[in-house]
Amino acid sequence: MKNKFYITTAIAYVNAKAHMGHALEYVLTDTLARYHRLKGDETFFLTGTDEHGVKIFNTATKANIDPQAFVDANAKAFMDLKGLLDLSYDDFIRTTDRKRHWPACQKMWKKLVEADDIYEKEYEGLYCEGCEMFMQPRDLENGQCPIHHKAPTVIREKNYFFRLSKYSAKILELIESDTLKIVPEQRKHEILGIVREGLNDVSFSRPREVLPWGVEVPGDPSQVMYVWCDALTNYISALGYTEESATFKKFWPADLHVIGKDIVRFHAGIWIGMLLSAKVKLPKSILVHGFVTHEGQKMSKSLGNVVDPVELVNRFGTDALRFYFLREIPNGRDGDYTEKLFIERYNSDLAHNLGNLANRVHNLVNKNQILDFEFKTGSEAYRQKVDETWKLYEESMDSHNVHEAVSHVWKLVDFANKNIDLEKPWSLIKTDPDKARSVLCNLLEVIRHISLMVEPFIPQSSGKLRLMLGLPPVASFADEREWGSVTQWHNVGKGVILFPLIEPPKLEAK
RNA sequence: CGCGGGGUAGAGCAGUUGGCAGCUCGUCGGGCUCAUAACCCGGAGGUCAUUGGUUCGAAUCCAAUCCCCGCAACCA
């Protein structure tokens, strides 16, 4: 019996290019998807783009570009990340997809109407023309917009509202009981606090004059769906919610939504409310990640300290960036990026610990012409360490704690480095070749296990490692998870430099 | 008294059924020489924010205080 695993990222708003936060989310999600695939779960990994809204419409028209052409170009930049970050998603959904996405949104809307959860309301708000958005009275300074120093105008408009308040108590219960699991725990507390105060009904549509770029409300061409019913529905529209396709039936509900800490309330609140109302099954859990700061500061255009993930990949490579995110950023918390730390982590963990380990073992095997040998039983101590690592690794990965899983694997790398030093195969070669052979076998075997465990983190490097070992790429854990499951070492390659050292930046560069 | 998170070695962090304070990086000393000036071993470095309490014993439980950071309707 095969388990299924459906995992999603949030869809990216395409009015700007991808930043570190997107990259972090994609890498984290990709790693979990890869893990589940190797584990044998039938896995579906979805990502996509959010392409509607006033902001995008205005940016495009100001630049004299057709909105669709504008989002096409921007969405492409996000799709290009697949290669750059080595992402393994199965599908990419765009909210401007009129064939797949729009009908699903409209079906969702109709379901909400059927449940009597959509009602019409005259909305009155303070609108700042400069900001092009509604403002809350508490945001104003002396009745004026603090940015544009102009009094906002009072605008009245017709909106459809979604009766989210009706589901407030139910949602609270779902989160408290972990029926909808929110990890890490810290984020669960945060959202519980918000839900306990009671969720309010939310505006679900706006007049077409103010929101011309979006999905039409069924039965009322004068109204366009506001972001919620449009964007959140992507998680099911891509699977084929509209026609209740086989894919939809197989993969929904989602096993895991991976999102940033700023949108927890929408996923744990509005999205769940919508599904309850439409009588669609609920996602099982939500994994919340933090933001990426730069030298301890929030990245922002105004501070001019934005780090471009694409540039980092070009400079240091895909796996270097993937590894940094996974190794350095603890579950759910904000992570800091500094170039110094990035290079340090890479040089120390990847180059010196893992890369050098693989290199020295392979060179010992090659130099001493013991390329072709058979693996007997191996050392009990090594076997135990590997088994123990697998257990911890799986525990961490199964609870979506990738950061912890990485650190377990690196303890195994340390173990190997320590033992090669204790057993000194380079001198055993001269005194006791058989013993040397068996030591090297144990080490190769450990490296093989490492190549399996790191595949979800750094797939390219895992592939190179396998090539060195003379083994095919990792296909699944099941085939190779046991100690000693590879018995013949015929094609052990030469030691190559897996991770070339990165020169630390010159001081004057700063 | 809005809600939530946190204050542990130079930096970044672990550490709740209370029991001699740990990890990574950096730093200092030693070892090894198979390897990417890598790897291994050892040392130095902390009044665990403050104050009081419970206890044979508290980073860990309780009370109070100080400080930092998120969130409070549409920026991952």
Side-chain angles (χ1 to χ4, degrees), chain A residues 9-13 15-16 18-26 28 50 53-55 125 133-134 136 138 164 184-197 199-203 226-228 231 258-266 269-270 288-293 296 298-301 327-330 332-336 338 340-341 344-345 347-368 403-404 407 410-411 413-414 416-429 436 440 443 495-502:
Chain A
T9 70
I11 49 176
Y13 200 56
N15 68 333
H19 48 58
M20 290 289 272
H22 291 115
L24 166 66
E25 181 165 313
Y26 297 152
L28 186 61
D50 177 9
V54 187
K55 233 186 254 176
M133 64 185 279
F134 283 96
Q136 296 301 314
R138 63 164 172 274
L164 179 59
E185 194 85 356
Q186 188 195 116
R187 297 295 168 199
K188 174 178 163 181
H189 292 316
E190 216 168 87
I191 190 69
L192 277 175
I194 293 165
V195 180
R196 262 193 209 106
E197 285 174 17
L199 297 167
N200 297 321
D201 293 352
V202 281
S203 167
Y226 199 38
V227 59
W228 312 124
V258 180
I259 59 171
K261 65 178 184 180
D262 55 330
I263 52 173
V264 183
R265 59 181 51 225
F266 313 131
I270 300 174
V288 185
H289 64 79
F291 291 171
V292 183
T293 56
K298 207 169 181 171
M299 281 191 219
S300 73
K301 281 179 197 143
R327 170 67 159 177
E328 201 52 38
I329 302 187
R333 241 186 282 182
D334 285 355
D336 195 36
T338 69
K340 181 170 172 283
L341 200 58
E344 221 168 78
R345 253 339 342 170
N347 281 344
S348 157
D349 288 342
L350 291 178
H352 292 163
N353 291 1
L354 177 56
N356 185 49
L357 168 71
N359 191 229
R360 63 201 297 214
V361 170
H362 280 80
N363 278 326
L364 280 167
V365 171
N366 270 274
K367 275 193 183 166
N368 299 292
H403 173 252
E404 201 177 81
S407 94
W410 253 259
K411 289 215 173 82
V413 174
D414 288 343
N417 270 320
K418 191 168 300 186
N419 277 279
I420 193 170
D421 232 70
L422 286 173
E423 309 211 66
K424 305 192 195 324
W426 53 89
S427 46
L428 281 177
I429 292 281
L440 288 172
L443 288 165
V496 296
I497 305 284
L498 258 186
F499 304 100
L501 273 182
I502 299 174

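So you know, we letter chains A, B, ... as the sequences are listed, proteins then strands, and number each from 1. Computed from a predicted model, the values in this text were never measured in an experiment.
- A straight line from CG of A:Asn15 to P of B:C75 spans 10 Å, rounded to a whole angstrom.
- Here the separation of B:A49 from B:G12, taken at their P atoms, is 15 Å to the nearest Å.
- B:U33 and B:A38 are spaced 11 Å apart, taking the C1' atom of each and rounding to whole Å.
- Base contact: A:Ile497 has a heavy atom under 4.0 Å from a base atom.
- Along RNA chain B, the nucleotide nearest to A:Glu25 and the one nearest to A:Leu422 differ in position, and the one closer to the 5' end is contacted by A:Leu422.
- Evaluation of atom-type donor-acceptor distances gives a pair under 3.5 Å for the side chain of A:Asn356 against the base of B:A35.
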Distance-only criterion, 3.5 Å: show the donor-acceptor pairs between side-chain atoms of residues 355-363 of chain A and protein atoms not counting sequence neighbours.
residue  : atom : partner  : partner atom : Å
A:Asn359 : ND2  : A:Val496 : O            : 3.4
A:Arg360 : NH1  : A:Asn417 : OD1          : 3.1
A:His362 : ND1  : A:Ala358 : O            : 2.8
A:His362 : NE2  : A:Met468 : O            : 3.1
A:Asn363 : ND2  : A:Asn359 : O            : 3.2

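- Looking at heavy-atom distances under 4.0 Å, A:Ala10 makes no contact with the nucleic acid at all.
- Side chains of A:Val258 and A:Tyr26 form no contact here, defined as non-hydrogen atoms less than 4.5 Å apart.
- With sequence neighbours excluded, no residue forms a side chain to side chain donor-acceptor pair (under 3.5 Å) with A:Ser407.
- Between A:Asn200 and A:Leu164, every side-chain heavy-atom pair lies at or beyond the 4.5 Å cut-off.
- One P atom belongs to B:G22, the other to B:U47, and the distance between them is 15 Å to the nearest Å.
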Measure all distances between protein nitrogen or oxygen atoms and nitrogen or oxygen atoms of nucleotides 23-33 of chain B, and list the pairs falling under 3.5 Å.
residue : atom : partner  : partner atom : Å
B:U24   : O2'  : A:Arg345 : NH2          : 2.9
B:C25   : O2'  : A:Glu344 : OE1          : 2.5

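- The P atoms of B:G4 and B:C41 are separated by 45 Å, rounded to the nearest whole Å.
- One can place CG of A:Leu192 at 17 Å from P of B:A72, the figure rounded to the nearest angstrom.
- Between the CD1 atom of A:Ile259 and the P atom of B:A76 there is a distance of 12 Å, rounded to whole Å.
- When heavy atoms are screened at a 4.0 angstrom cut-off, A:Asp201 is found touching base atoms of the nucleic acid.
- Closest approach of A:Phe499 and A:Leu350 over heavy atoms only: CD1-O, 3.1 Å.
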A correct dot-bracket answer for RNA chain B, with pairs being Watson-Crick or G-U at under 3.5 Å, [ ] for crossing pairs and | for inter-strand pairs, is .(((((((.[[[[.)...(..]]]].(((((.......))))).....[[[[[..)....]]]]])))))).....
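- A:Lys367 places no side-chain N or O within donor-acceptor distance of the main-chain N or O of A:Leu364, the cut-off being under 3.5 Å.
- The same atom, P, is picked in B:G42 and in B:C34; the two are 23 Å apart, to the nearest Å.
- Between B:C23 and B:U50, the distance separating the two P atoms is 23 Å to the nearest Å.
- Under a 3.5 Å cut-off, the side chain of A:Trp410 and the backbone N or O of A:Asp349 do form a donor-acceptor pair.
- Residue A:Gly193 is classed as a sugar-phosphate contact, given heavy-atom separations below 4.0 Å to backbone atoms only.
- With contacts defined as side-chain heavy-atom distances shorter than 4.5 Å, the pair A:Lys261/A:Arg187 qualifies.
- B:U17 and B:U54 are spaced 24 Å apart, taking the P atom of each and rounding to whole Å.
- Counting only distance, with no hydrogens or angles, the side chain of A:Asn347 and the backbone of A:Ile502 share a donor-acceptor pair below 3.5 Å.
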Distance-only donor-acceptor hits, side chain of residues 18-25 of chain A, under 3.5 Å, sequence neighbours excluded:
residue : atom : partner  : partner atom : Å
A:His19 : ND1  : A:Gly21  : N            : 3.1
A:His19 : ND1  : A:His22  : N            : 3.4
A:His19 : ND1  : A:His22  : ND1          : 3.4
A:His19 : NE2  : A:His22  : ND1          : 3.4
A:His22 : ND1  : A:His19  : N            : 3.1
A:Glu25 : OE1  : A:His289 : NE2          : 2.6
A:Glu25 : OE2  : A:Ala10  : N            : 2.7

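- What separates CG of A:Asp50 from P of B:C75 is a distance of 10 Å, to the nearest Å.
- Looking only at distances, no side-chain donor or acceptor of A:Ser348 sits under 3.5 Å from a matching main-chain atom of A:Arg345.
- For A:Arg265 and A:Val361, each mapped to the nucleotide of RNA chain B holding its nearest heavy atom, the one lying further toward the 5' end belongs to A:Val361.
- Considering only the side chain of A:Asn363, B:C34 comes nearest among B:C34, B:A76, B:G4.
- Nucleotide B:C34 holds its C1' atom 6 Å from the CZ atom of A:Arg360, rounded to whole Å.
- Between A:Val264 and A:Glu190, the closest side-chain pair of non-hydrogen atoms is not below 4.5 Å.
- A:His19 comes within contact range of at least one nucleobase, with a heavy-atom separation under 4.0 Å.
- Proximity of A:Lys55 to A:Tyr13: side-chain heavy atoms (C-beta onward) are separated by under 4.5 Å at one or more points.
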Protein N or O to nucleotides 67-70 of chain B N or O, pairs below 3.5 Å:
none

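- Distance, A:Leu364 CG to B:A35 P: 7 Å, rounded to whole Å.
- With B:A35, B:A76, B:U36 as the choices, the nucleotide that has an atom nearest any side-chain atom of A:Leu498 turns out to be B:U36.
- Nucleotides B:A11 and B:G26 place their P atoms 16 Å apart, quoted to the nearest Å.
- Comparing B:U36, B:C41, B:C34 against the side chain of A:Asn359 picks out B:U36 as the nearest.
- Remark: P of B:C34 and CG of A:Leu440 are 13 Å apart, rounded to the nearest angstrom.
- The A:Leu501 side chain lies nearest to B:U36 when the options are B:C41, B:U36, B:A35.
- Atom NZ in A:Lys418 sits about 19 Å away from atom P in B:A38, given to the nearest Å.
- Considering only heavy atoms from C-beta on, A:Phe266 stays 4.5 Å or farther from A:Val227 through its side chain.
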